[in-house]
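The next block holds one structure in the form of structure tokens; read it before the comments.
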Amino acid sequence: MGEGDKRMTTGRGRYACVLVAAALLTDCSSTNDPVGPGDPPPAGILTLQSVGQTIRAYEAGEMIVPAGTAIDLGGLFDGNAMDLLDGLAVTTESTFGGDRVLAINLADGTVVPIGFEVGNVNPSKPHAVESRSSAFVGGRGTNSLYEIPLAAPGTAPIVFASDVGEFVEKVVVTNGRVFAVDSNIDDAGGSFEPLGNSRIAVYGLDGTLVRVVDALGLQASDAVLSAGQIVVLNAGSLSPTFEPEGNGSLAVVDPATLAVAGPFALGGNGVSLEDGADGLVYVTATSDFSEIRLLRFDASSNAFINGPTDPIDTRDAAGAGVACWVATALSDGRLVCATFSFAQAGQLYLMAADGGFLSASTGGFGTTDLEIVTSQP
């Protein structure tokens with residue numbers, strides 16, 4: 001994994017199993033047809049089921065099909081995001097789950113819990129950094145940044161910086177700096193209301209504070225690197241009755257100059273954010289958490305390709321609309337879309353770039369994150 005790049009390469013040959021996770025691929029046979037000259041290489045998809053508390057693999061060729069068995073993350077698991085590094089999947093459990101980072105060996109399914117020396121850390125979404133063989137998380141409860149060494153999974157987290165912000169939701173490492181994305185909400189008072197705009201605290205790799213970048217939008221919930229830029233998802237605020245107030249947005253930060261572009265309104269509240277293997281950003285937005293729109297954003301031009309008024313028209317086999325809770329794209333632009341359900345297993349769709357149906361498979365319970373794994377000829 002590169003710094004912030006969520007895709008990794010594994011396998012050789014056009015007919016090779018596409019995932020490094022041997023435990024997930026107990027059966028490497030496939031119903032997909034072999035690719036021909038000029039066709040994209042097969043791709044693997046790792047899915048995180050937050051409700052089902054599992055990681056599951058799928059293979060995307062001409063169709064999308066399950067690959068092997070799921071990895072059980074345990075009954076305390078309550079995380080909603082993962083990242084990949086050197087054959088590991090890294091995710092976190094919040095205060096309710098035990099304030100831990102989980103390092104999952106994708107080759108044998110072993111889950112190694114990594115605890116913190118203090119309580120009430122409430123670790124954020126993880127960010128894996130290949131050059132440091134580590135992962136960074138924010139301590140939403142302690143207002144600190146932590147680095148977790150992963151060369152020897154189980155090594156205790158290191159406090160990288162303290163007094164960082166009010167509620168750090170994501171850490172991004174790039175350009176020789178550490179960017180802590182702070183939602184800036186009132187968790188100490190228990191209201192979780194915005195205290196002001198989201199912001200980014202920028203640190204050198206030695207832990208020295210460089211600058212705080214402000215005025216990003218309300219309630220940042222995630223961030224990815226795309227086209228060399230940091231794209232921040234501002235989820236927006238909720239009413240006292242927990243109804244979306246429609247003020248979600250994207251903000252784009254240049255990690256070299258720290259200049260801010262945006263915010264770019266989503267026409268609703270933000271749900272999920274993914275960097276596609278096609279170099280574009282995929283964000284889902286909603287006005288009621290029932291109808292969810294899939295938007296496509298180009299960070300190289302700071303413009304929506306499919307924006308709030310013309311979202312991607314995602315469809316199932318019968319032509320009915322599909323509400324993608326989280327979605328991303330393969331290198332050839334085809335979409336991978338996961339629906340979300342507490343009550344039953346959702347669906348995992350393979351779609352054309354315009355949202356047209358190609359294939360579907362039963363997904364897990366409550367899929368909240370997708371990671372792309374590709375093979376090279």
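The two residues Cys324 and Ala327 have their closest heavy-atom pair at CB-CB, 4.3 Å. Nearest heavy atoms, Tyr203 versus Ala161: CE2-CB, 3.7 Å. The two residues Ser124 and Glu169 have their closest heavy-atom pair at CB-O, 3.3 Å. Minimum interatomic distance between Pro153 and Leu88 (heavy atoms only, all atoms of both residues): CG-CD1, 4.0 Å. Taking every heavy atom of both residues into account, Pro149 and Ser134 meet most closely at CA-CB, 4.2 Å. Between Ile372 and Ala329 the shortest heavy-atom distance is CD1-O, 3.0 Å.
Under the 4.5 Å side-chain criterion, counting only non-hydrogen atoms from C-beta, Ile104 is not in contact with Thr110. Arg100 is not listed as a side-chain neighbour of Ile114, based on a closest heavy-atom distance of 4.5 Å or more. For the pair Leu73/Leu48, a side-chain contact is recorded, criterion being any heavy-atom separation below 4.5 Å from C-beta on. Side-chain contact check for Arg56 versus Leu46: every heavy-atom pair is 4.5 Å or farther apart. Within the 4.5 Å cutoff, the side chain of Val253 has heavy atoms near those of the Ile200 side chain. Side-chain contact between Val178 and Val171 is present, with heavy atoms from C-beta onward closer than 4.5 Å. At a threshold of 4.5 Å between non-hydrogen side-chain atoms, the residues Ser133 and Leu150 do not count as touching. For the pair Val281/Leu273, a side-chain contact is recorded, criterion being any heavy-atom separation below 4.5 Å from C-beta on.
In this structure, Ser300 contributes its side chain and Asp298 its backbone to no donor-acceptor pair below 3.5 Å. Between the side chain of Asn269 and the main chain of Thr286, no donor-acceptor pair closer than 3.5 Å is present. At least one donor-acceptor pair closer than 3.5 Å links the side chain of His127 to the backbone N or O of Val173. A donor-acceptor pair under 3.5 Å is absent between the side-chain atoms of Asn105 and the main chain of Gly109, judged by distance alone. Remark: side-chain polar atoms of Asp83 are paired, donor with acceptor, to backbone N or O of Ala128 under 3.5 angstrom. Side chain of Asp313 to main chain of Gly355: no donor-acceptor pair is present (N/O by atom type, distance under 3.5 Å, no hydrogens or angles). The backbone N or O of Gly267 lies less than 3.5 Å from a partner atom in the side chain of Arg293, making a donor-acceptor pair. Using a distance-only test at 3.5 Å, with no hydrogens or angles considered, no donor-acceptor pair links the side chain of Arg140 to the main chain of Phe167. Checked by atom type and distance alone, the side chain of Thr54 never pairs as donor or acceptor with a backbone atom of Ile71 at under 3.5 Å. Checking side-chain atoms of Arg334 against main-chain N and O of Gly61 turns up a donor-acceptor pair under 3.5 Å.
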I'd like to know whether Leu84 forms a side-chain contact (heavy atoms from CB on, under 4.5 Å) with Glu130, so could you lay out the CA-CA distance, the side-chain angles of the two residues, the decisive distance to 0.1 Å, and finally the verdict.
CA-CA 9 Å; Leu84 307 179; Glu130 182 180 20; over 6 Å; no

Ser361/Val65 under side-chain contact (heavy atoms from CB on, under 4.5 Å): CA gap, chis, key distance, verdict:
CA-CA 6 Å; Ser361 180; Val65 294; 5.7 Å; no

Under the side-chain contact (heavy atoms from CB on, under 4.5 Å) rule, what do Thr174 and Phe179 come out as? Steps first, then yes or no, please.
CA-CA 8 Å; Thr174 187; Phe179 297 80; 3.8 Å; yes

Yes or no on side-chain contact (heavy atoms from CB on, under 4.5 Å) for Asn197 and Leu216, after CA distance, side-chain angles and deciding distance?
CA-CA 6 Å; Asn197 275 306; Leu216 299 182; 5.8 Å; no

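Contacts of Phe304 classified as ring-ring contact (aromatic ring centres under 6.0 Å, His included), with partners at least two apart in sequence or in another chain: Phe297. Residues meeting the side-chain hydrogen bond (donor to acceptor under 3.5 Å, both in side chains) test with Asn306, sequence neighbours left out: Arg296. Taking Tyr282 as the reference, nothing meets the ring-ring contact (aromatic ring centres under 6.0 Å, His included) condition, with sequence neighbours excluded. In terms of the salt bridge (Lys or Arg N to Asp or Glu O under 4.0 Å) criterion, Asp254 has no residue partners (sequence neighbours excluded). Under the salt bridge (Lys or Arg N to Asp or Glu O under 4.0 Å) criterion, Glu147 pairs with Arg132, sequence neighbours left out.
Cluster annotation: Val232 is connected to Val210 through the hydrophobic network of ILVMFWY side chains, with a link wherever side-chain heavy atoms come within less than 4.5 Å. Connection of Phe340 to Phe365 is established within a shared hydrophobic cluster, with ILVMFWY side chains joined at heavy-atom distances below 4.5 Å, either directly or through further cluster members. In the hydrophobic clustering of ILVMFWY residues, with side-chain heavy atoms under 4.5 Å counting as a link, Val260 and Leu218 come out apart. In the hydrophobic clustering of ILVMFWY residues, with side-chain heavy atoms under 4.5 Å counting as a link, Leu330 and Val322 come out apart. Under the 4.5 Å side-chain contact rule for hydrophobic residues, Val101 and Val121 share a cluster.
In the model, Asp78 has a side-chain atom that pairs as donor or acceptor with a side-chain atom of Ser94 under 3.5 Å. With hydrogens and angles left out, the side-chain atoms of Ser198 and Ser183 include no donor and acceptor closer than 3.5 Å. Checking Glu274 against Ser272 by side-chain atom types alone, no donor-acceptor pair falls below 3.5 Å. Under the 3.5 Å distance criterion, with hydrogens and angles disregarded, a donor-acceptor pair is assigned to the side chains of Asn234 and Ser249.
Expressed to the nearest 0.5 Å, how far CG of Leu250 lies from CG of Asn302 amounts to 10.0 Å. Note that CD1 of Ile312 and CG of Leu294 are 4.0 Å apart. Values are rounded to the nearest 0.5 Å. The OG atom of Ser131 sits 7.5 Å away from atom CG of Leu205, with the distance rounded to the nearest 0.5 Å. Remark: Ile64 CD1 to Leu348 CG distance equals 4.0 Å, nearest 0.5 Å. In this structure, CD in Glu62 is found 10.0 Å from OG in Ser359, a value given to the nearest 0.5 Å. Rounding to the nearest 0.5 Å places CZ of Phe77 at 6.5 Å from CG of Leu102.
Between Phe116 and Tyr146, the ring center distance clears the sub-6.0 Å criterion. Aromatic pair Phe160/Phe136: centroids less than 6.0 angstrom apart.
A salt bridge (charged side-chain N to carboxylate O under 4.0 Å, His left out) check over residues 197-208, counting only residues at least two apart or in different chains, returns the pairs Asp182-Arg199.
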